[in-house]
Amino acid sequence: MTAGAPGTAVPIRRRDDHRAGPDDRPRQSTGGRQLRVAVFGAAAVVLGGFLLWALTGLPSFGDFHGEYGRLLNRVGVAQRRASNVVGAIVFDYRGFDTLGEEFILFSSVMGVAFILRGSLRIKDQSPLDPGGNDSLRVVGTLGAPVVLLLGLWLAAYGYVTPGGGFQGGVAVASAGALLWVSTTYRDYHRLTPPRLFDAIEGFGASAYVLIGLVGLGLSGAYLANFLPLGTPGTLASAGSIGLLNWAAALEVGAANFLLFREFFQEYIQTFPGVEQE
Amino acid sequence: MNALEIVAFSAVMVLGVLVVLCREPVRQSLVNGIFGMALVVLFMVLQAPDVALSEIVVSTVAFPLILLATIARTRDRQRP
Amino acid sequence: MPVIPPLTVAVPLAFAAFLAATGSLIPRRAVTLTAIGAAAATTALQFAQLVQSLTHDLNHWFGGWTPQHHYALGILFTVDPIDAILACVVGVLMLASLSFSWWGIRDVSHLYYALMLAFLGGMAGFALSADLFDIFVFFELMSVTGYGLCSFRQTSSSVMQGALNFAIMNSIGAFFILMGISLIYGRTGSLNLAQISVSLRGTHPDMLVVVSFVFILVGFLTKAGAVPFHFWMSDAYAVAAAPVGALYAGIMSDLGYHAIARIYADGYAATLDSVAPSVSGILIGVGVATAVVGAVMCFGQADVKRQMAFLVISHGGIFLCGIGLLTGAGMAGATLYVAADAMIKGAVFLTIGYVVVTLGASDEFMLRGRGRRRRHLPAGLAFGLAGLGFAAVPGFGPWLSASLIQQSADAAGYTWLPPVLVVATAVTAATLLRSGGRIFLGWGGDRDPLLTSAQPDEPEEGEPQEESRISTVSLLPAGALLVAGFGMAFAPHLAGYATQAGRQFLDLPGYVAEVIHGRYPPPVTRLPAFHPTAGSWAYGAATTAGALGLAAASLAWSRARTHGLLTRVVLPPLRVLKAVHSGRIGDMATWLTVGAVALCAAGAVTLR
Amino acid sequence: MSFYPFVVAAVLFIAGLYGVVTSRNYVHLAVCLTVMQSSTYITLLSIGYVHHGTAPIFKSPLRTPRVDPIVQSLTLTDVVVSVVVLALILALAIQTHRRAGTVDPDQMTEMHG
């Protein structure tokens, strides 16, 4: 990325930025900081007071009778055949929020990659062992499959018992993290090609959108259910919630995996012998 | 409110304030992990198992992982 | 149920996911074309949606969860003409930015295009959602894609600092919004705006409602860059790459104001309308402060990108005044102003992108006279036209919208408001005309004590090495945006449709009837008439003359050898104001807290 | 005592904000933001709690009171957002460190005015 390239924010000058040490900059006077803390302190006390004043207007703890939640507790299982009403809300009644949430995660992964990859040049022949010790390696090797299974189980039963695509997805991604502890960097690099995970992430995210479109095509409402509902309390229940749940699990798993991977790449660069930029 | 609830809320409050006051990043991420566990307990007490599960996976894996990597990367060090 | 509204979100998001999955495998040109195609399809859908919304509001219940027993179970998208216009603006700007990228952005990863499309989906959803929590979700989606895009081209630490300030302040704003949503959910037990209004109807507002509204206000005012929540904006927008900056400045911030209007009109108005004059006063107060502070700061900058950042802030204040009038015409004026202004702001940002590449800087002193060559004429013309557009030249888009606000303000008894807005408009437009004159005509001196120059004592770094890296063709999208912004005024019955839409926007019982009970009003047969009065012509004449005069005076002043009296009078307060914009995150968060306290206090006084 | 949960939430909200204002390290600051955000989880879940209520999972048609399921689904989204925000700010902090050699917000005074 050359300075002065199209769309460049601030051109040409400050090419020596990365050389500038912390001591080259003017420090803010302690007086300025003290004033800031004093002003903030006074304002924060008042703000806290207003917030508490408002909070006392809420029904007292434990006496909540929100119509929305009560209604869904009453009709949720019957309408959606999902024994976990939270799951039914996440993937159906408020399934569109979850679509947004998927894409928040998706965008953050792309954003982090966009921010960090810009300056990353790792050469494959560099000595890149994380330098972990043997006991750590054993923990990783034994732990990874266990965590992977746990994650899949969490994801699978999301609409029956607590859990679901998000929790399962993060757990599956942590299995990937354990894999990193248990092997050398180079093997890890080979085992987990980022393009594959990019593809999985994109597939999971677009699957969620497309399942919504199928609902729109078949019954005129985006994300409407189009599968038979089944029996509550079993895996064969809840209609298209199951599909959405797995789409979310794929997306969240791959997204978190990529997120961890980006930060590993950064961590790796703190080892001696890594060529930078 | 019963005693369990009061204890769970108090733990969260004290630990949350400690996280803010702890300014050394490595120690802070440790305290933050404990704070996360306190939140998990609170969520269980509040009958929110789904949220507790996601807080577990987030505060035991995601947060420490990205935090420690960043701390290692941004530690002030003099490179030749 | 209408099928288009969900498609305007689903299409860009699906293509974003597709590009993320396959983008590293297909040629870069194909990625760009796919992104442009997706944006074009989305824009077409948005225009179709606008046409449909003119007959009656489009309400889409996700998952098919229409209200059961008159209770809203699902998430709702409401599309009335006001929302539909803003959605169209989002699409058009994205299309222009991506087209600019075709010429202007070469070596960038496919992630950029995927992020842009996700950004488009986020903004489109944010403009249409009528469910409080869903609004929050799309707010976050829009913000998160924004944080990623902001750090594009990390040429210096100032880019990173701008992006960090952006991310941190917007996150704090988001938590305020979420706290406000929690409060109102605890009170009403619902998240759908119409349903909330049903619960609140007839109750007397108490501190919970007020603080909840104020917290939501704080969050969206932070996004929109209102004083004193705006400090992050000048840093973030000044470092954003041209196509991204065009979107931030053009529409993202102003969507924050729209969200405030919608949340008030469709939800909180049920109880807060008993104190409507105070709400109006508070919103207009914030708006005037924003318009004035933004204008002064805008005038005091030498970097065109920072000028634009403060111009966005200042004009946002004008829109907030229009919304704060709480009248149909005010709402219509604010919306049309956002639309016309968005086109022009977008055009300027794209032109600046071109200028930075071909001329090598964005500081008007460094660039003085560098744009005099004939081949820079298109860019110079774009600058000049945009300056006139910002000055609300009579007869065109911005002026039409400004006159709606002006007439509405006079009718509502805020007769002092239009003159203040004239000053803000003239000052911001003068700034752009001044820098255009200096860059493309070489007028004026090469320093001015009033202006902050980013690189005051650095020697010029000479002409950029590769002069012809970007062709003049890349200015086409900017030109198209200018034509759209100016030509908007000639769309038949625009002001009438908009005023009617504005009235419906504020008609809460009518909205509840259609959303909860499915009873739509009969189509309107006679549109309200709009005729520019002598006042409107005077408004436009004053802003135009003021802008031209002030620009000329500023250029002449920088040529003068002695700066005696004026410097002594103007400089000290300007220095203080600039010092307040320290760019430090701690100061910004402190200002935000102070602003939140002030709004809470104003609300508490209202209840007395 | 029945407002104690909301006091906890308010304290954490203000504490997180205090951390942001006084922070000398972007990493510390990012964690303070998550503390501020956790106050919104606490508010939401405390609002939706019902005395002697059980989780909204219906294995058998027990007629016990149930806690509000909506706030739980909102909090789930909220938790995801917290990861995302933390990751993005930390990524920006890493880049800032690379460019400016510091992660102290108050040492970065390049832009003002």
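Throughout, a chain's letter reflects where its sequence line sits, starting with A, and its residues are numbered from 1.
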Undergrad: Can you find a heavy atom in the side chain of C:His69 that is under 4.5 Å from one in the side chain of A:Leu71?
TA: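 Counting from C-beta outward, C:His69 and A:Leu71 never come under 4.5 Å.
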
Undergrad: Which heavy atom of C:Leu208 sits nearest a heavy atom of A:Ala54, and at what distance?
TA: CD1-O, 3.4 Å

Undergrad: Work out which heavy atom in C:Leu183 is nearest to a heavy atom in A:Leu58; give both atom names and the distance.
TA: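 In terms of heavy atoms, the two residues are closest at O-CD2, 3.6 Å.
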
Undergrad: Examine whether an atom of A:Leu196 lies under 4.5 Å from a heavy atom of chain C, and if so say whether it belongs to the side chain, the backbone or both; otherwise answer neither.
TA: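 For A:Leu196, neither part sits under 4.5 Å from chain C.
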
Undergrad: Hey, mind stepping through A:Leu47 and C:Phe215 against side-chain contact (heavy atoms from CB on, under 4.5 Å) and telling me if it holds?
TA: CA-CA 10 Å; A:Leu47 186 69; C:Phe215 270 44; 4.1 Å; yes

Undergrad: As an exercise, state the distance from CG of A:Leu216 to CD1 of C:Ile4, rounded to the nearest 0.5 Å.
TA: 10.5 Å

Undergrad: Mind running side-chain contact (heavy atoms from CB on, under 4.5 Å) on A:Asp92 and C:Trp65 for me, showing each step along the way?
TA: CA-CA 9 Å; A:Asp92 192 15; C:Trp65 294 111; 3.2 Å; yes

Undergrad: Heavy-atom distance under 4.5 Å to chain A: side chain of C:Tyr112, backbone, both or neither?
TA: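 For C:Tyr112, backbone and side chain are both near chain A.
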
Undergrad: With side-chain contact (heavy atoms from CB on, under 4.5 Å) as the test, would you mind laying out the steps for A:Leu213 and C:Leu7 before giving the verdict?
TA: CA-CA 8 Å; A:Leu213 284 177; C:Leu7 286 177; 3.5 Å; yes

Undergrad: Does any heavy atom of chain A fall under 4.5 Å from the side chain of C:Phe176, the backbone, both, or neither of them?
TA: side chain

Undergrad: Using heavy-atom distances under 4.5 Å, tell me whether C:Asp131 contacts chain A through its side chain, its backbone, both, or neither.
TA: side chain

Undergrad: Where does A:Ser219 contact chain C at under 4.5 Å (heavy atoms): side chain, backbone, both or neither?
TA: neither

Undergrad: Is it the side chain or the backbone of C:Ser24 that comes within 4.5 Å of chain A heavy atoms, both, or neither?
TA: both

Undergrad: Nearest 0.5 angstrom please: C:Phe138 CZ to A:Asp97 CG, how far?
TA: 8.0 Å

Undergrad: CZ/A:Phe40 to CG/C:Asp587 distance, rounded to the nearest 0.5 angstrom?
TA: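 The CZ atom of A:Phe40 sits 12.0 Å away from the CG atom of C:Asp587.
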
Undergrad: Flag the one option from C:Val3, C:Leu13, C:Val137 with the top tally of heavy-atom pairs under 4.5 Å to chain A.
TA: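 Heavy-atom pair counts peak at C:Leu13.
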
Undergrad: Please look at A:Glu67 and chain C and tell me whether the side chain, the backbone, both or neither of the residue comes under 4.5 angstrom of a heavy atom of that chain.
TA: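 Both parts, backbone and side chain.
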
Undergrad: Ignoring hydrogens, what is the shortest heavy-atom contact between C:Ala604 and A:Phe50? Give both atom names and the distance.
TA: CB-CE2, 3.9 Å

Undergrad: Say you draw a straight line from CG of C:Leu141 to CZ of A:Phe103; how long is it, rounded to the nearest 0.5 Å?
TA: 8.5 Å

Undergrad: What heavy-atom pair brings C:Leu111 and A:Met110 nearest, and what distance separates the two atoms?
TA: CD2-CG, 3.7 Å

Undergrad: Measure across A:Arg195 and C:Leu25 and return the closest heavy-atom pair with its distance rounded to 0.1 Å.
TA: NH1-CD2, 3.8 Å

Undergrad: Just how far is it from atom CZ of A:Arg94 to atom CG of C:Leu191, taken to the nearest 0.5 Å?
TA: 4.5 Å

Undergrad: Please check if the side chain of C:Arg187 supplies one atom and the backbone of A:Gly57 the other of a donor-acceptor pair under 3.5 Å.
TA: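 Between the backbone of A:Gly57 and the side chain of C:Arg187 there is a qualifying donor-acceptor contact (under 3.5 Å).
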
Undergrad: In Å, rounded to the nearest 0.5 Å, how long is the span from CE of C:Met142 to CD1 of A:Ile104?
TA: 11.0 Å

Undergrad: Between C:Tyr147, C:Phe18, C:Trp591, C:Tyr185, which shows the greatest number of heavy-atom pairs under 4.5 Å with chain A?
TA: C:Tyr185

Undergrad: Using a cut-off of under 4.5 Å for heavy-atom pairs, which of C:His60, C:Glu140, C:Met1 has the most such pairs with chain A?
TA: C:His60

Undergrad: What is the minimum heavy-atom distance between C:Ala21 and A:Gly202, and which atoms define it?
TA: CB-CA, 3.8 Å

Undergrad: Take the angle between the ring planes of C:Phe77 and A:Phe96 and call it parallel below 30°, perpendicular above 60°, tilted in between.
TA: perpendicular

Undergrad: Could you tell me whether the side chain of C:Tyr71 and the main chain of A:Tyr68 form a donor-acceptor pair under 3.5 Å?
TA: yes

Undergrad: Counting heavy-atom pairs closer than 4.5 Å to chain C, which one of A:Asn225, A:Leu99, A:Leu210, A:Asp198 comes out on top?
TA: A:Asp198

Undergrad: At a 4.5 Å cut-off on heavy atoms, which part of C:Val244 comes close to chain A: side chain, backbone, both, or neither?
TA: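 Neither part, no heavy atoms under 4.5 Å.
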
Undergrad: Counting only non-hydrogen atoms closer than 4.5 Å, does C:Ala598 touch chain A with its backbone (N, CA, C, O), its side chain (CB onward), both, or neither?
TA: neither

